[in-house]
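Here the structure is laid out as structure tokens; the discussion comes afterwards.
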2 protein chains.
Amino acid sequence: MQRKLPHSNLYLREEELRRGVELLYFAYRDFTRDPDEILAESRFGRAHHRVLYFVGRNPGTTVSGLLSLLRITKQSLSRVLGQLVEDGYITQESGLEDRRQRLLYLTDKGQAFEKELFATQRDRVAEAYKRAGPEAVAGFWEVLLNIVDAEERDTVLRQIEK
Amino acid sequence: MQRKLPHSNLYLREEELRRGVELLYFAYRDFTRDPDEILAESRFGRAHHRVLYFVGRNPGTTVSGLLSLLRITKQSLSRVLGQLVEDGYITQESGLEDRRQRLLYLTDKGQAFEKELFATQRDRVAEAYKRAGPEAVAGFWEVLLNIVDAEERDTVLRQIEK
DNA sequence: GAATTTATGTCAGTGTTGTTGACATAATAT
DNA sequence: ATATTATGTCAACAACACTGACATAAATTC
């Protein structure tokens, strides 16, 4: 007969690992809900939101910059980017040093829309931060960063510390 | 001229809110990568994974149980569930008390496949937990739970504390 | 017993987002 | 002069979500 041994790694048991997996699923499910609802009223979707977001955060970024950040294919990006440019949410300027590059910027219209979309997620996250408190928030960042692929952590750090 | 006032809510500034939004995006992006790769070799996708996962976690659950947990439409669920049954990953028994219900269970084949898929996410989460430590993990849970819609938190709690 | 509600299934159509692969162009680098 | 790079474009396809309508069988209510 086996005795239950006390051990210090209680947070690494199957149960706790499942909890992380499930909370990630449920949190992400709801996290995307508010912007998705706004987007559903336009001809845009979640992919457009991501492009708006990251162009807003990194004005002057290029197509290949977005590709490596979003990790989708050129064709997927090209489609949504084209629609955003066509509808006047994003402008492109050719690169100063390398004229093949297209430097991407939000127009005023793009900024306004991004702001509206972000507001819903900002409110949700702010409320969660408030309820959980600063120490919990630090832990939240720490674990999430370590869930990211090891090779990608530098890129992510550069992004979030901007 | 405005002076910078010290305040205790540093973790609620725009910068920290953006950090949460971005980490959630990047972590979830990579979190789904390993199972997606395995699934790509079969005719299944992420939706099948979710169904396998939650049926495995809640043996004997019903179609409506899954619908409210996953928050997708009947038609979306019906399609993937049908394929999983057809291919012998899930069996259904009619309910004992209510014979309209279909109680869902993983077959041995289903269990084996779920285990394989889960292993990749379990390893990733275990590694992240280890690197971040138990206090961080507690914070991670706390914030994620509060990101979930308020009305859904009870359901989620019931699920993760099973 | 009749009427309603519930649990589930199914069909047809649509839209977004991802994929692959092939090919094109212009600019930069060697 | 040639190769590489940054980007664009076209066609085709698959997964997964949606809506709306209709069907059936079982349970519940009047």
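Chain letters run A, B, ... following the sequence lines, proteins first, then strands; residues in each count from 1.
Side-chain proximity of A/Asp98 to C/dT28, C/dA7, C/dG18: nearest is C/dT28. When distances run from any side-chain atom of B/Gln101 to the nucleotides C/dG18, C/dA7, D/dA27, the shortest one goes to C/dA7. When distances are taken from the side chain of B/Ala47 to each of C/dG18, D/dA27, D/dC16, the shortest belongs to D/dC16. The nucleotide whose nearest atom lies closest to any side-chain atom of B/Lys74 is, among C/dT8, D/dA17, C/dG18, C/dT8.
One can place CZ of B/Arg43 at 11 Å from P of D/dC16, the figure rounded to the nearest angstrom. A/Glu41 places its CD atom 17 Å from the P atom of C/dG15, with the value rounded to the nearest Å. Rounded to whole Å, atom P of C/dT16 lies 15 Å from atom CZ of A/Arg50. C/dT19 atom C1' lies 19 Å from atom CZ of B/Phe44, rounded to whole Å. A/Gln83 has its CD atom 12 Å from the P atom of C/dG15, to the nearest Å. The CD1-P distance, from B/Ile72 to D/dA15, rounds to 15 Å in whole Å. For the pair A/Leu70 CG and C/dT19 P, the computed distance is 10 Å after rounding to whole Å. Distance CG (B/Leu67) to P (D/dA17): 12 Å, rounded to an integer number of Å.
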Pair A/Val51-A/Leu70, side-chain contact (heavy atoms from CB on, under 4.5 Å): steps then yes or no: CA-CA 8 Å; A/Val51 172; A/Leu70 298 173; 4.1 Å; yes
Ring pair (Phe, Tyr, Trp, His ring centres under 6.0 Å) between B/Phe31 and B/Phe26, worked out: CA-CA 8 Å; B/Phe31 173 67; B/Phe26 290 117; over 10 Å; no
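Listed pair B/Ser76 / D/dC16 fails the phosphate criterion, with no side-chain N or O lying under 4.0 Å from OP1 or OP2. The side chain of B/His48 places no N or O atom within less than 4.0 Å of a non-bridging phosphate oxygen (OP1 or OP2) of D/dA15. Close to C/dT6, at under 4.0 Å from its OP1 or OP2, lies no side-chain N or O of B/Arg100. Contact check, A/Thr73 against C/dT20: no side-chain N or O comes under 4.0 Å of OP1 or OP2.
For D/dA17, its base never sits under 3.5 Å from the side chain of A/Arg46 at any donor and acceptor pair.
Closest-nucleotide positions on DNA chain C for B/Thr62 and B/Arg79 were compared, and the one nearer the 5' end corresponds to B/Thr62. Map B/Gln75 and B/Leu103 each onto its nearest nucleotide of DNA chain C; the residue landing nearer the 5' end is B/Leu103.
Using a 4.0 Å heavy-atom criterion, one finds that B/Glu97 contacts the sugar-phosphate atoms exclusively. As judged by a 4.0 angstrom heavy-atom cut-off over every strand, A/Ser78 is placed among the base-contacting residues.
Put simply, B/Leu81 and B/Leu67 are part of the same group of oily side chains (I, L, V, M, F, W, Y) that touch within less than 4.5 Å, one to the next.
In this structure, B/Arg18 does not pair ionically with B/Glu15, as no charged nitrogen and carboxylate oxygen lie closer than 4.0 Å.
A cation-pi arrangement is not found for B/Arg57 relative to B/Phe118, the charged atom failing to lie both closer than 6.0 Å to the ring centre and inside a 45° cone about the ring normal.
For B/Lys115, the NZ atom is loosely surrounded, since the number of other residues' heavy atoms within 6.0 Å does not exceed 12.
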